[in-house]
Number of protein chains: 2
Amino acid sequence: MSRAKTKAEQHAATRAALLREARRVFTATGYADAATEDIVRRAAVTRGALYYHFRDKRALFEAVVDDVARGIADRIDAASMPAKDAFDALLRGTHAFLDACLEPPARRIYLIDAPAALGWHRWREIDGRHAMRTLRAGVEAMLAEQPDPALSPEIMTYLLSGALNEAVLWINEAKDEKAARREIDRTLPLLFERLFARTRAR
Amino acid sequence: MSRAKTKAEQHAATRAALLREARRVFTATGYADAATEDIVRRAAVTRGALYYHFRDKRALFEAVVDDVARGIADRIDAASMPAKDAFDALLRGTHAFLDACLEPPARRIYLIDAPAALGWHRWREIDGRHAMRTLRAGVEAMLAEQPDPALSPEIMTYLLSGALNEAVLWINEAKDEKAARREIDRTLPLLFERLFARTRAR
DNA sequence: TTCCATCACATACAGACTGTATGTAAAACC
DNA sequence: GGTTTTACATACAGTCTGTATGTGATGGAA
């Protein structure tokens, strides 16, 4: 039926195939050790196609990172939709973030390789449109419900983001991953309560 | 006077020169884009010497990372020595950590490139002997003074480490670095107070 | 003192990989 | 219907890592 593909369709199909296989190879070997030849072979094209669609290997990786980050953010948004208050939304979002980032593509591509390959600044630019945006919204909602002039939403967002990223990697390398995850799940609500507590004097 | 160098001296001198120049080049260009030829030229040897002293480029990088991490830990230890209590020690140590990591070599080599180039697990192994060891000691001292069965020292250490690492990179990329640093300095004691607070009911 | 083994490199080379330059068939357009 | 543009494929040049081999100096043994 779709024997006769239009050019635009072919263009999109090849690009999608490159992104799909690039994600697999980057996940398996990491950015530095990924050979572009491997990617294009799996996508059933040649390196000419890759360099037609992307300026260089880094640009391909950046596109994959953006995709991965968007996927994480989507899962967070979906999970925190049915929340009853800001605290609940933050907790649900956090759990969704951990779930998503514990999967190999997100872990390897988004948490480990992206900051080094793209630079911390560029990585945070991308993340700021996705997962970090949801975290910032959660923090701001908390501070809207319980105003606390001592806490800067921006700083809290970055500190929490750093802590959560590290939590993912710690859970992943733990001897007993399930137990580690439970411990984190138990600890995080406690920390949120304490961090966002109103000053004792009120 | 030292015209006639013994073999052991020569060995140590060349190794030290390689480490010194490698640190410079890795800091300037990052691990991936650093050419071993650049390093050995500055050290006034050839690549043969490099591969005699180190198994490969990664091993050289790992040795540099270990050096950098040791330097950070030394500064933390020195800064937290004259502390009057656990809280004071944690704060002093944290400030020393920020000061040390804000310098380019630590930032680029230790915070950005090391996790990707060595793998998170290996990076944490090294860090666990240095900066993270001091942080863990600080956390454990806090929990010794104010016991809190709800807080696992290991988890608190990893979460705080992640938050502090991110704080460094955030300060570094801020438009006004001095102001960003002041904001972090103002926020951290607040967070420590709240995180390590005994449960309200006592 | 002399001989030999080992050390601490230097040199030469093979292999892999990235990016670029060029060629080309099919589609799109006028 | 002829020409231009697209979406690749192919070929090539340059760079870089790691390895294999050569070599002079040093240190120990006899």
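Bear in mind that the values here come from a model prediction, so they are computed numbers and not experimental data. The chains referred to below are lettered A, B, ... by the order of the sequence lines, with proteins before strands, and numbering in each begins at 1.
- Scanning all heavy atoms of the two residues, the minimum distance from A:Ile126 to A:Ala69 falls at CG2-CB, 4.4 Å.
- The phosphate of D:dG27 has OP1 or OP2 within less than 4.0 Å of a side-chain N or O from B:Thr6.
- Among the nucleotides D:dA9, C:dC7, D:dC8, the one closest to any side-chain atom of A:Thr46 is D:dA9.
- Contact check, A:His53 against D:dC8: a side-chain N or O comes under 4.0 Å of OP1 or OP2.
- The side chain of B:Gln10 contributes an N or O atom lying less than 4.0 Å from OP1 or OP2 of C:dC9.
- Remark: B:Thr14 is in phosphate contact with C:dC9, judged by side-chain N or O atoms under 4.0 Å from OP1 or OP2.
- Residue A:Ala34 is classed as a sugar-phosphate contact, given heavy-atom separations below 4.0 Å to backbone atoms only.
- The residue among A:Thr36 and A:Gly48 whose nearest nucleotide of DNA chain C is located toward the 5' end is A:Thr36.
- A salt bridge links B:Arg136 with B:Glu140: the closest approach of a Lys/Arg side-chain nitrogen to an acidic carboxylate oxygen falls below 4.0 angstrom.
- Using the six-membered ring where Trp is involved, B:Phe26 and B:Phe61 have ring planes that are perpendicular, over 60° apart on the 30 and 60° scheme.
- For D:dG18, the OP1/OP2 oxygens have a side-chain nitrogen or oxygen of B:Tyr51 closer than 4.0 Å.
- A tilted orientation is assigned to the rings of B:His11 and B:His53, their planes being inclined by 30° to 60°.
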